[in-house]
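Excluded from the calculations below are hydrogen atoms, water molecules and symmetry mates; all remaining heavy atoms, backbone and side chain alike, are included. All values derive from a computational prediction rather than experimental measurement.
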Amino acid sequence: MDALRLARGTHMSERRTLFGVELDPLTMDETVERCLAAVRDGRQLEIGVVNAAKLVNMRRDPRLAEAVSGCDLVVADGQAVVWAGKVLRAPLPERVAGIDLFLRLLAEAESAGISVYFLGAKEEVLEEMLRRVADRFPGLKVAGSRNGYFDDSQQEDIAGAIADSGAQMLFLGMTSPKKEIFTAAYGARTGARVVHGVGGSFDILAGITKRAPAVWQRFGIEWLYRALQEPRRLGKRYVTTNTAFLLMTAREFIRSTPSTAPANRSH
């Protein structure tokens, strides 16, 4: 029975290839367990999350593509990625949204006494988030924090400061590709066992931006909710990347579908 379970687990964890990117077909619970196991075992686990926009941008930005592909775990942050996986016969069990994983890990860290470090956002946003996190997770051990505004020349010193803090989990509230490039270059230097880039999640936890209601998330239009909040900054970007993602998916589907045309016959 154990051998059967092991074989099934090995099969289930085989990576799926989508647009040339390898993704891990994990549920949220499985991803959380992988993270906790990394802390227990003293291994480093760098997590990459991809949505439609990031997959499009990875084709345009080789540094971003290399940084994401180098992560130990790559999961589907966007519902559109899960749908594309189904269409392209590279099935993924469910969406593992970066912010949901972030909140799950904070809860697990609080209950297990795991120390965390927050890197990212503007100073005032970071401070407000820290206040709200302290209210929500009063037992959480925060080893340290720093805003996300720094020059590339400061990255090594910041990684060293994180290492000195002894943090076991590092959360990066920075935009792509900055967070992926920092993780690729200095993730190991930080000494954190789990390194998770959470994008704009600091802004959401601080109450600066609102997250889409669950029904919007289920229908894969969380991007539209965000665009409606910041139409000038995000409207054109989302329309452009979503259109590009649909075209990518359609091209890949056509390319992978066998031709049903009859073979030529000689007369």
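- Shortest non-hydrogen contact noted between Ser165 and Ile162 is OG-O, 2.6 Å.
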Check step by step if side chain to side chain contact (heavy atoms under 4.5 Å, CB included) holds for Leu92 and Leu23.
-> CA-CA 8 Å; Leu92 301 163; Leu23 282 81; 3.9 Å; yes
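- Linking Ile, Leu, Val, Met, Phe, Trp and Tyr whenever their side-chain heavy atoms come within less than 4.5 Å leaves Tyr149 and Val125 in two separate clusters.
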Which atom pairs, one a donor and one an acceptor, fall under 3.5 Å between side chains of residues 66-82 and the rest of the protein, sequence neighbours left out?
residue: Ser69; atom: OG; partner: Ala65; partner atom: O; Å: 2.9
residue: Asp72; atom: OD2; partner: Glu46; partner atom: N; Å: 2.7
residue: Asp77; atom: OD1; partner: Gly98; partner atom: N; Å: 2.6

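- Gln229 contributes no side-chain N or O that, together with a main-chain N or O of Thr209, makes up a donor-acceptor pair within less than 3.5 Å.
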Check the pair Arg132 / Glu127 against salt bridge (Lys or Arg N to Asp or Glu O under 4.0 Å), numbers first and verdict last.
-> CA-CA 9 Å; Arg132 295 189 180 207; Glu127 289 175 4; over 6 Å; no
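- Closest approach of Leu105 to Cys35, counting heavy atoms only: CD2-CB, 3.7 Å.
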Which atom pairs, donor and acceptor, lie under 3.5 Å between side-chain atoms of residues 199-207 and protein residues at least two apart or in another chain?
residue: Ser201; atom: OG; partner: Val198; partner atom: O; Å: 2.7

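- No side-chain heavy atom of Val195 sits less than 4.5 Å from a side-chain heavy atom of Ile47.
- To the nearest 0.5 Å, atom CZ of residue Phe245 and atom CZ of residue Arg59 are 10.0 Å apart.
- Between Met174 and Leu119, the closest heavy-atom pair is CG-O, 4.1 Å.
- Of all the heavy atoms in Val116 and Ala167, the pair that sits closest is C-CB, 4.0 Å.
- Lys122 NZ: 12 or fewer foreign heavy atoms inside a 6.0 Å radius.
- One finds the CZ atom of Arg193 at 12.0 Å from the CE atom of Met169 (value rounded to the nearest 0.5 Å).
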Side chain to side chain contact (heavy atoms under 4.5 Å, CB included) between Ser115 and Val142, worked out = CA-CA 6 Å; Ser115 59; Val142 179; over 6 Å; no
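- Contact check for Leu26 versus Pro93: no side-chain heavy atoms found under the 4.5 Å cut-off.
- Checked by atom type and distance alone, the side chain of Asn57 pairs as donor or acceptor with a backbone atom of Ala53 at under 3.5 Å.
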List the steps and the verdict of side chain to side chain contact (heavy atoms under 4.5 Å, CB included) for Lys210 and Tyr225.
-> CA-CA 9 Å; Lys210 290 183 180 179; Tyr225 189 88; 4.1 Å; yes
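- For the side chain to side chain donor-acceptor pair (under 3.5 Å) test, residues two or more places apart in sequence or in another chain that qualify with Asn147 are Glu123.
- Of all non-hydrogen atoms in Ile114 and Gln168, the two that sit nearest each other are CA-OE1, 3.4 Å.
- Expressed to the nearest 0.5 Å, how far CZ of Phe182 lies from CD of Glu156 amounts to 10.0 Å.
- Atom-to-atom distance recorded for Met248:CE and Leu55:CG is 5.5 Å, nearest 0.5 angstrom.
- The hydrophobic clustering, which links ILVMFWY residues whose side-chain heavy atoms are closer than 4.5 Å, places Trp83 and Phe19 apart.
- Side chain of Asp151 to main chain of Ser153: no donor-acceptor pair is present (N/O by atom type, distance under 3.5 Å, no hydrogens or angles).
- Taking NZ of Lys179 as the start and CG of Leu64 as the end, the distance is 8.5 Å to the nearest 0.5 Å.
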Intermediate values then yes/no, side chain to side chain contact (heavy atoms under 4.5 Å, CB included), Arg16 and Arg89 = CA-CA 9 Å; Arg16 309 283 189 259; Arg89 294 185 287 278; over 6 Å; no
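- A single hydrophobic cluster is not seen to contain both Ile158 and Leu126; linkage of ILVMFWY side chains at heavy-atom distances under 4.5 Å, directly or through other members, places them apart.
- Side chain of Gln44 to backbone of Val194: no donor-acceptor contact under 3.5 angstrom is found.
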Full working for salt bridge (Lys or Arg N to Asp or Glu O under 4.0 Å) between Arg136 and Glu110 | CA-CA 10 Å; Arg136 188 166 180 174; Glu110 180 189 29; over 6 Å; no
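- In the hydrophobic clustering of this structure, Val21 groups with Val87; members are Ile, Leu, Val, Met, Phe, Trp, Tyr whose side-chain heavy atoms approach within less than 4.5 Å, directly or through other members.
- When all heavy atoms of Trp216 and Ala212 are compared, the pair lying nearest together is CB-CB, 3.8 Å.
- From Thr183, atom OG1 reaches atom CZ of Arg189 across 15.0 Å, with rounding to the nearest 0.5 Å.
- The pair Arg43-Asp41 meets the salt-bridge criterion, with a side-chain N (NZ, NE, NH1 or NH2) lying under 4.0 Å from an Asp/Glu carboxylate O.
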Salt bridge (Lys or Arg N to Asp or Glu O under 4.0 Å) between Arg63 and Glu180, worked out = CA-CA 9 Å; Arg63 288 183 73 195; Glu180 287 87 3; over 6 Å; no
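- In this structure, the side chain of Arg15 does not engage the main chain of Asp24 through any donor-acceptor pair within 3.5 Å.
- Using a 4.5 Å cut-off on side-chain heavy atoms (C-beta onward), Val49 and His196 make contact.
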Does the pair Glu30 and Arg34 meet the rule for a salt bridge (Lys or Arg N to Asp or Glu O under 4.0 Å), with working shown?
-> CA-CA 6 Å; Glu30 290 168 340; Arg34 291 275 190 102; over 6 Å; no
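- The ring of Phe171 has its center no closer than 6.0 angstrom to the ring center of Tyr117.
- Under a hydrophobic-cluster definition in which Ile, Leu, Val, Met, Phe, Trp and Tyr are linked whenever side-chain heavy atoms come within less than 4.5 Å, directly or via other members, Val96 and Val39 are assigned to the same cluster.
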